[in-house]
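In what follows, a structure is listed as structure tokens, so that the remarks can point back to it.
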Amino acid sequence: MGSPMVVESVRPRVLVADDEPQLLRVYARTLTAHGYDVATAEDGPQGLSMLQSDRFDVVVSDVCMPGFGGVELLRTVHTHDPDVPVVLMTAAPTVEIATAAIDYGVQRFLTKPFTSDQLVSAVARAMDARLAATERRRATEGVARARSEHDRLSQAFDAALDSLFLVLQPIVHTGDQKVFGYEALMRTREKSLPHPGAVLDAAERLGRLPALGRGVRRAAAALMGALPADAKLFVNLHPLDLADDEILSPDAPLSAHARRVVLEITERAALDAVPDGPARLAALRALGYQIAVDDLGAGYAALSSVATLEPEVVKIDMGLIRGIEAAPVKQKIVKLIVTLCSELGVAAVAEGVETPAERDTLVALGIKYFQGYLFAKPGPPLPEVAW
Ligand code: G
Ligand code: MN
């Protein structure tokens, strides 16, 4: 019959137990010639100790042997390895043997005398069963593992949602030194999701972005009363939040404050992924929201998002800001953005400004709106601004 399958590139291991040495030698030679790695035992106890110290893919055992025979071996082998198939050889199959064998899960019987083809065929089929059982076990374990990981992440995400709060970072206008608005930044007390990126990742993997977006917008609405009346609140939006009908509902908590809210959108997942993106954007504007392109210059958010979103505000990514006083190319790019924005009547905000040298260079390039640690770190209550 067919040649044996190979498990993970090693030869399948077969244990053969029989108390007749000549027969044992014939079986071993036959199976070795068919590619098996064969070990032999001359009685039950020897076979058992080999099973305890080694791992086999198939066991072939005589039923009647001194000490104890194949049926006892069968009973113990499955306590070590439930997947190992056992082929029993017997000259005279009795009802007792057959019943015991079925109780303990025998793979098949070989009635002595049998041909070497019959032996090889029985072992090959046992091997197939072995592989199938292993496959099934792995699949079951894989599913269980994935399920428990999913459960753990889901619990962490619930805890993050329950403990979600927003900190505020001012966006300042250099000309009149007024606070133009505050960006609301998501924080949670869930330690296993230590930053907003981790919470967003979890939401994406769990398919729960809408819950997160709603949580953020509800928290943002609750903050409005604490803000100075002329300050805007900048709220980060995942592009897929646009696909959530809640955001367009006039009854949603944030809708009542829409005229004071700027929604920041990063083109992280392309906006094209949202069905009727442009119509939904228009609906947001009809509610009173303004739109900002977030992280402009950070790889993904290409200038084309300015064309797609027609924003009221553009936020220049801190990658372009960092060390700009000594980076002529960054200066040219920022200058280009400033020119573009002034022609379009869009407010350009420099994000992540950390040093006076960065600020002064940006002022010279025509930037009027600033956000960054130099001015204020995010925090509750309303952070004081250093000018
Ligand atoms: O992607 P977005 O622009 O929304 O992210 C703003 C993030 O940048 C927040 O996590 C905020 O804490 C951080 N941030 C704000 N100001 C500064 C800054 O001056 N320097 C640095 N390194 N990070 C900042
Ligand atoms: Mn932002």
Side-chain angles (χ1 to χ4, degrees), residues 160 164-174 179-190 193-201 203-204 209 212-213 215-217 219-220 223 231-242 254 261-269 271 289-302 305-306 309 311-325 327 330 334 337 346-363 367 369-380 382-387:
L164 185 140
F165 64 101
L166 298 173
V167 293
L168 297 171
Q169 188 179 33
I171 298 166
V172 301
H173 185 266
T174 39
V179 174
F180 174 52
Y182 295 86
E183 176 171 1
L185 298 162
M186 183 215 311
R187 299 287 185 270
T188 83
R189 291 181 220 288
E190 170 55 33
L193 301 170
H195 53 89
V199 182
L200 273 165
D201 270 3
E204 278 178 12
L209 278 170
L212 182 59
V216 166
R217 294 194 296 277
L223 270 177
K232 292 201 176 288
L233 186 64
F234 288 68
V235 178
N236 290 285
L237 214 64
H238 189 286
L240 292 181
D241 283 330
L242 274 181
L254 200 54
V261 175
V262 182
L263 299 173
E264 297 190 11
I265 300 181
T266 313
E267 242 203 349
R268 202 169 288 135
L271 264 174
Y289 287 111
Q290 294 192 325
I291 305 294
V293 167
D294 201 6
D295 302 328
L296 188 71
Y300 297 102
S305 62
V306 176
L309 294 172
E312 284 77 15
V313 178
V314 153
K315 301 188 78 180
I316 303 170
D317 187 69
M318 67 179 86
L320 280 176
I321 305 305
R322 192 65 59 253
I324 191 169
E325 71 280 3
K330 288 184 181 180
V334 169
I337 295 174
V346 172
V349 179
E351 277 192 317
V353 181
E354 290 182 356
T355 68
E358 288 167 356
R359 177 200 56 204
D360 295 344
T361 307
L362 291 161
V363 168
I367 293 282
Y369 296 97
F370 290 84
Q371 183 180 354
Y373 296 163
L374 180 65
F375 299 90
K377 293 213 164 173
L382 289 189
E384 290 291 315
V385 179
W387 296 93

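In each ligand, atom 1 is the first atom listed, and ligand 1 is the first ligand listed.
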- prompt: Between Leu233 and Leu168, is a side chain to side chain contact (heavy atoms under 4.5 Å, CB included) present by the stated rule, with each step listed?
  reply: CA-CA 9 Å; Leu233 186 64; Leu168 297 171; 3.6 Å; yes
- request: Record the part of Thr266 in heavy-atom contact with ligand 1 below 4.0 Å; permitted values are side chain, backbone, both and neither.
  value: neither
statement: Honestly, for Asp295 the part within reach of ligand 1 (heavy atoms, under 4.0 Å) is side chain
query: the Mn ion (ligand 2): which protein N, O or S atoms are under 2.8 Å away?
result: Glu183 OE2, Asn236 OD1, Glu264 OE1, Asp294 OD2
Asn236 neighbourhood, listing ligand 1 atoms whose heavy-atom distance to it stays under 4.0 Å: 4 (O)
message: Please list, in number order, the atoms of ligand 1 under 4.0 Å from a heavy atom of Glu354.
response: 18 (C), 19 (O), 20 (N), 21 (C), 22 (N)
statement: Atoms of ligand 1 under 4.0 Å from any heavy atom of Asp294, numbered from 1 in the order shown, are 1 (O), 2 (P), 3 (O), 4 (O)
task: Answer side chain, backbone, both or neither: which part of Leu185 comes under 4.0 Å from ligand 1, heavy atoms only.
output: side chain
query: Partners of Asn236 by side-chain hydrogen bond (donor to acceptor under 3.5 Å, both in side chains), sequence neighbours excluded?
result: Glu183
- prompt: Side chain or backbone of Pro378 under 4.0 Å from ligand 1, or both, or neither, by non-hydrogen atoms?
  reply: side chain
- prompt: For Phe165, what residues pass the side chain to side chain contact (heavy atoms under 4.5 Å, CB included) criterion, not counting sequence neighbours?
  reply: Val167, Arg187, Arg189
statement: Residues Val216 and Leu166: closest non-hydrogen pair is O-CD1, 3.8 Å
task: Kindly identify the option in Glu183, Arg187, Lys377, Gln169 whose heavy atom sits closest to atom 12 (O) of ligand 1.
output: Arg187
message: Under a 3.5 Å distance rule, please check whether Glu312 uses its side chain to pair with a backbone N or O of Ala347 as donor and acceptor.
response: no
- prompt: Taking C-beta and beyond as the side chain, do Met186 and Leu212 meet within less than 4.5 Å on heavy atoms?
  reply: yes
- request: List for me each residue that meets salt bridge (charged side-chain N to carboxylate O under 4.0 Å, His left out) alongside Glu190, sequence neighbours excluded, and say none if there are none.
  value: none
message: Please compare Met318, His195, Lys315, Met186 and report which has the shortest non-hydrogen distance to atom 8 (O) of ligand 1.
response: Met318
N/O donor-acceptor pair under 3.5 Å between Glu354 side chain and Leu374 backbone: no
- request: Kindly say whether Gly352 contributes a backbone atom to a donor-acceptor pair with the side chain of Arg322 at under 3.5 angstrom?
  value: yes
message: If the cut-off is 4.0 Å to any non-hydrogen atom of Glu351, which atoms of ligand 1 fall inside it?
response: 3 (O)
- prompt: Considering only heavy atoms of Gly372, which atoms of ligand 1 have at least one such atom less than 4.0 Å away?
  reply: 16 (N), 19 (O)
task: Given side chain to side chain contact (heavy atoms under 4.5 Å, CB included), test Glu264 with Val313 step by step and report yes or no.
output: CA-CA 9 Å; Glu264 297 190 11; Val313 178; over 6 Å; no
message: Looking at His238, is its backbone amide N or carbonyl O close enough to the side chain of Asp241 to form a donor-acceptor pair, meaning the two atoms are under 3.5 Å apart?
response: yes
